Amino acid sequence: QVQLVESGGGLVQPGGSLRLSCAASGILFRTYPMAWYRQAPGKQRELVAGITSGGSTNYADSVKGRFTISRDSAENTVFLQMNSLKPEDTAVYYCNAADARNAKWSPLFQKWGQGTPVTVSS
């Protein structure tokens with residue numbers, strides 16, 4: 001059974017940085033594209049960044065140049081380094097395996113983790 005556990009969120013001032021982690025189990029991690037999504041209050045969940053099993057990456061326009069996604073297949077973990085954070089980055093961040101064959105990088109698993117909240121505020 002797939003399990004996704006996100007961590008690393010918190011309260012940070014504008015311009016600050018955070019590094020999120022997502023530990024995956026119950027899947028053959030190294031074969032799956034993985035992605036980070038976020039959901040802000042009152043908004044739909046959206047793709048933030050994705051990474052294929054080979055290391056190719058994809059970013060939402062709003063985070064390009066500020067966020068970096070990476071993965072450690074030995075540890076079954078995907079990371080999101082977030083720099084130059086803005087108040088509009090405030091959201092709960094989730095990870096999931098993704099279908100990298102379409103532009104939306106649709107999430108593959110219906111079961112989500114608990115997410116990790118990020119609040120950017122002075």
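What you see is a predicted model, and the numbers here were worked out from it, not measured in a lab.
Taking each heavy atom of S122 and P14 in turn, the nearest pair found is N-CD, 3.7 Å. Listed here is the closest heavy atom pair of N96 and L108: OD1-N, 3.9 Å. Closest approach of S70 to I51, counting heavy atoms only: CA-CD1, 3.9 Å. Taking all atoms of both residues into account, the shortest heavy-atom contact from Y32 to L28 is CD1-O, 3.3 Å. Between S21 and W36, the closest heavy-atom pair is O-CH2, 3.5 Å.
Identified under the salt bridge (Lys or Arg N to Asp or Glu O under 4.0 Å) test for residues 10-35, with sequence neighbours left out: none. Applying the salt bridge (Lys or Arg N to Asp or Glu O under 4.0 Å) definition to pairs two or more places apart or across chains, those involving residues 90-110 are D99-R101. Among pairs with a residue in residues 63-113, those fulfilling disulfide (SG to SG under 2.5 Å) read C22-C95, at least two apart in sequence or across chains. Listed by first and then second residue, the disulfide (SG to SG under 2.5 Å) pairs that reach into residues 45-89 come to none, sequence neighbours excluded. Within the structure, every pair that satisfies the side-chain hydrogen bond (donor to acceptor under 3.5 Å, both in side chains) test and touches residues 44-54, not counting sequence neighbours, is listed here: R38-E46.
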Which pairs would a plain distance check flag for residues 80-87, meaning a side-chain donor or acceptor within less than 3.5 Å of a matching protein atom at least two apart in sequence or in another chain?
from	atom 1	to	atom 2	distance (Å)
Q81	NE2	N83	OD1	2.9
N83	OD1	S17	OG	2.9

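Under a hydrophobic clustering in which Ile, Leu, Val, Met, Phe, Trp and Tyr are joined whenever their side-chain heavy atoms come within less than 4.5 Å, directly or via other members, V92 and W105 fall into the same cluster. No continuous path of hydrophobic side-chain contacts links Y94 to F109 [ILVMFWY only; heavy atoms under 4.5 Å].
In this structure, the side chain of T90 engages the main chain of V120 through a donor-acceptor pair within 3.5 Å. Under a 3.5 Å cut-off, the side chain of D72 and the backbone N or O of T77 do not form any donor-acceptor pair.
Within a 6.0 Å radius of NZ in K43, other residues, nucleotides and ligands contribute 12 heavy atoms or fewer. Under a cut-off of 6.0 angstrom, the local environment of CD in E88 is crowded, with over 12 non-hydrogen atoms contributed by other residues, nucleotides or ligands.
By the salt bridge (Lys or Arg N to Asp or Glu O under 4.0 Å) test, K64 is found to be paired with D61, residues two or more places apart in sequence or in another chain being considered. Partners of Y93 according to the ring pair (Phe, Tyr, Trp, His ring centres under 6.0 Å) rule, which considers only residues two or more places apart in sequence or in another chain, do not exist here. Taking the salt bridge (Lys or Arg N to Asp or Glu O under 4.0 Å) definition, one finds that R66 meets it with D89, sequence neighbours left out. Residues satisfying the salt bridge (Lys or Arg N to Asp or Glu O under 4.0 Å) criterion with E75, sequence neighbours excluded, are absent altogether. The ring pair (Phe, Tyr, Trp, His ring centres under 6.0 Å) search around F67 returns none, not counting sequence neighbours. Annotation: side chain to side chain donor-acceptor pair (under 3.5 Å) contacts of Q114 (sequence neighbours excluded): none.
With rounding to the nearest 0.5 angstrom, the CD1 atom of I69 is 6.5 Å from the OH atom of Y59. Between atom CG of residue L18 and atom OG1 of residue T119 there is a gap of 9.5 Å, rounded to the nearest 0.5 Å.
The aromatic rings of W112 and Y37 lie perpendicular to each other, with more than 60° between the two planes, well past the 30° mark.
By the 4.5 Å heavy-atom criterion applied to side chains, N76 and S25 are not counted as neighbours.
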Checklist entry - side chain to side chain contact (heavy atoms under 4.5 Å, CB included) between V118 and L20: does it pass, once the steps are laid out? => result CA-CA 9 Å; V118 172; L20 308 184; 4.1 Å; yes
